[in-house]
Amino acid sequence: MTEIRDFIKQVQKKEIDIVEHTHKVIEEAKKIDKDYNYFTVISEDLAITQAKNLKKNPKGKLAGVAISVKDSICVKNVESRAGSQILRGYHPPYNAAVIEKAVKEGAIIIGKTTQDEFGFGVFSVNTDKIPKNPFSKERTAGGSSGGCAGLTQMAEFPHLSIAESTGGSIAVPASFCGVTGLTPTYGLVSRYGLIDFASSLDKIGAMSQSPEDSFLLLDVIKGQDPKDSTSLKPTEKSKEVKKIGLIKETLKINPKITDLILKKLKDYKIISMPNTIKYSLPAYQLIAFSEASTNLAKYTGIRYGASEPIKENYTDYFTKVRSKYFGKEAKRRIILGTFARMAGFREEFYIKAMRARTLIINEYKKAFKNFDIIVSPSAIATAPKFSEIDKMT
């Protein structure tokens, strides 16, 4: 396969007929999807239109590169439903900020990739189209960006994927599918046009077949955005990596994975981060579930979400719509998150989780005073079989 940077240069020099190439990409995407369930929508008409426009003026940092987009990121006039039936038929009237930036640099949007409903899951099984692992159809591709990761591994054409993570939704599927996942620091990439899960945790990032290609995509989509008040102006300071810290508390989680890490690392020191390992998962779950229950409250079937004829009072109508179109995992998280935020329980659960997050942040700040990179496994296991998932959840 042609290296992405070489491919871009060829497109810019008009050495490749980008329209003909894009037709081949779409056909290949359809073949892959038939066997592996990676797409919710293959946007053929949009891709060919973008290719024709690019052919007239072949410029841009991503000129001609096929881009797949996680279903939770809005693409204008392309169904975007975050893996949920409650948003079926929703065609956004606008592009997310990251899509605008990518298209401006010559990217070709080939479709939306499947995911866990609203990002609720680790294995991409909480949706109506379950992606299969590219190495074994009996195994999960990981979640919630499972479609992004599986396609990235299998694509034999120059390809990048715009993914999203709330709590490991880029790192886990990237690990399971053997690709590079890049989850940026919160605020580095605008989330305008992202169908939210947990607002203080959601991040849009990149997937590719190499670290260099992921940074190529990140370089295009990052930056401050007036439409997203949480986005930040990136600093251009580069820092040479001199000191690497390996988190001691992660070494016993899975000896096989630890051995793989130790074979790759050189000149590292062991660092202890007990608060991070002890509190990160419970704090994440409470914060994420609480924010999800608030964000999902807007799907009532009137302003957003699937609609039904209103024949009863509004309360009964809302209950019916949510019960019918939200999946089992979405309902569970709404209930748990609502409980954690209720008067009488907020201090006991949600506020404590927020304090734990601050404790973890401070632990990382302290560690980064002495180390340039902090290393830990991106996943604690290899991709399980679908038959094994129930035992793990």
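Below, each value reflects all heavy atoms present in this structure, side chains not excepted, and no hydrogens, waters or symmetry copies.
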Compare every heavy atom of L216 with every heavy atom of I8, then report the nearest pair and how far apart it is. CD1-CD2, 4.0 Å
Looking at every non-hydrogen atom in both residues, tell me the closest pair between F371 and I244 and how far apart they are. CD2-C, 3.6 Å
Do V41 and V69 sit in one hydrophobic cluster, given that two such residues count as connected whenever their side-chain heavy atoms are within less than 4.5 Å of each other, even indirectly? yes
Count I, L, V, M, F, W, Y as connected when their side-chain heavy atoms are under 4.5 Å apart, and connections chain through other members. Are I110 and L54 then in the same cluster? yes
Quick check: is F289 connected to F326 through a chain of hydrophobic side chains (ILVMFWY, heavy atoms under 4.5 Å apart)? no
If hydrophobic clusters are built from ILVMFWY residues whose side chains come within less than 4.5 Å, do L160 and L151 share one? yes
SB check E138 K132 (cutoff 4.0 Å): no
Would you say the side chains of E249 and S272 form a donor-acceptor pair under 3.5 Å? yes
Between Y192 and Y94, is the ring centre distance below 6.0 Å? yes
Report the relative orientation of the aromatic rings in F157 and H159; use parallel for angles under 30°, tilted for 30 to 60°, perpendicular for over 60°. perpendicular
Does any part of the side chain of Y325, heavy atoms only, come nearer than 4.5 Å to the side chain of Y299, both counted from C-beta? no
Verify the distance criterion only: is there a donor paired with an acceptor across the side chains of T276 and E363 at less than 3.5 Å? yes
Heavy-atom distance under 4.5 Å between the side chains of Y304 and I86, does that happen here? no
Using only atom types and a distance under 3.5 Å, with no angle test, would you say the side chain of S84 pairs donor to acceptor with the backbone of E117? no
Do the ring planes of H21 and F7 sit parallel (below 30°), tilted (30 to 60°) or perpendicular (above 60°)? tilted
Check: D71 side chain, T114 main-chain N or O, donor-acceptor pair, under 3.5 Å: no
Quick one, E388 with K385, criterion salt bridge (charged side-chain N to carboxylate O under 4.0 Å, His left out). Give me CA distance, side-chain angles, the key distance, then yes/no. CA-CA 5 Å; E388 299 170 336; K385 294 181 179 179; 5.4 Å; no
Any heavy-atom pair between the side chains of R191 and S231 that's under 4.5 Å? no
Any side-chain heavy atom of K203 sitting closer than 4.5 Å to one from V189? no
Begin with the C-alpha distance, continue with both residues' side-chain angles, and end with the deciding distance and a verdict on salt bridge (charged side-chain N to carboxylate O under 4.0 Å, His left out) for E347 and R355. CA-CA 10 Å; E347 182 70 29; R355 289 170 179 158; 3.0 Å; yes
Quick one, D196 and F118 - any side-chain contact, counting heavy atoms below 4.5 Å? no
Regarding S200 and R357, is there a side-chain donor-to-acceptor distance under 3.5 Å anywhere? yes
I'd like to know whether NZ of K137 has more than 12 heavy-atom contacts from other residues, nucleotides or ligands below 6.0 angstrom. yes
Under a 4.5 Å cut-off applied to non-hydrogen side-chain atoms, are R333 and S293 in contact? no
If we count only N and O atoms by modelled type, under 3.5 Å, do the side chains of T166 and E164 hold a donor and an acceptor together? yes
Quick one: do the E100 and N95 side chains pair a donor with an acceptor below 3.5 Å? yes
Less than 4.5 Å apart, side chain to side chain, heavy atoms only: is that true for I261 and P377? yes
With no hydrogens and no angle check, do the side chains of S190 and D225 hold a donor and an acceptor under 3.5 Å apart? yes
Ring centroids only, cut at 6.0 angstrom: are F339 and Y350 within range, meaning strictly under it? no
Below 4.0 angstrom, N of the basic side chain to O of the carboxylate: do K129 and D33 qualify? yes
Answer yes if the side chains of D213 and S210 hold a donor-acceptor pair under 3.5 Å, and no otherwise. yes
Working note: E79 + R81, criterion salt bridge (charged side-chain N to carboxylate O under 4.0 Å, His left out); need CA distance, chi angles, decisive distance, verdict. CA-CA 6 Å; E79 185 180 57; R81 56 185 179 90; 3.6 Å; yes
Do I277 and V122 share a hydrophobic cluster, counting only Ile, Leu, Val, Met, Phe, Trp and Tyr and linking them when any side-chain heavy atoms are less than 4.5 Å apart? no
For E308 against K324, the heavy-atom pair lying closest together: OE2-NZ, 3.1 Å
Is the shortest side-chain heavy-atom distance between K31 and K34 below 4.5 Å? no
Steps toward salt bridge (charged side-chain N to carboxylate O under 4.0 Å, His left out) verdict (K24, E28): CA-CA 6 Å; K24 291 178 181 179; E28 179 66 21; over 6 Å; no
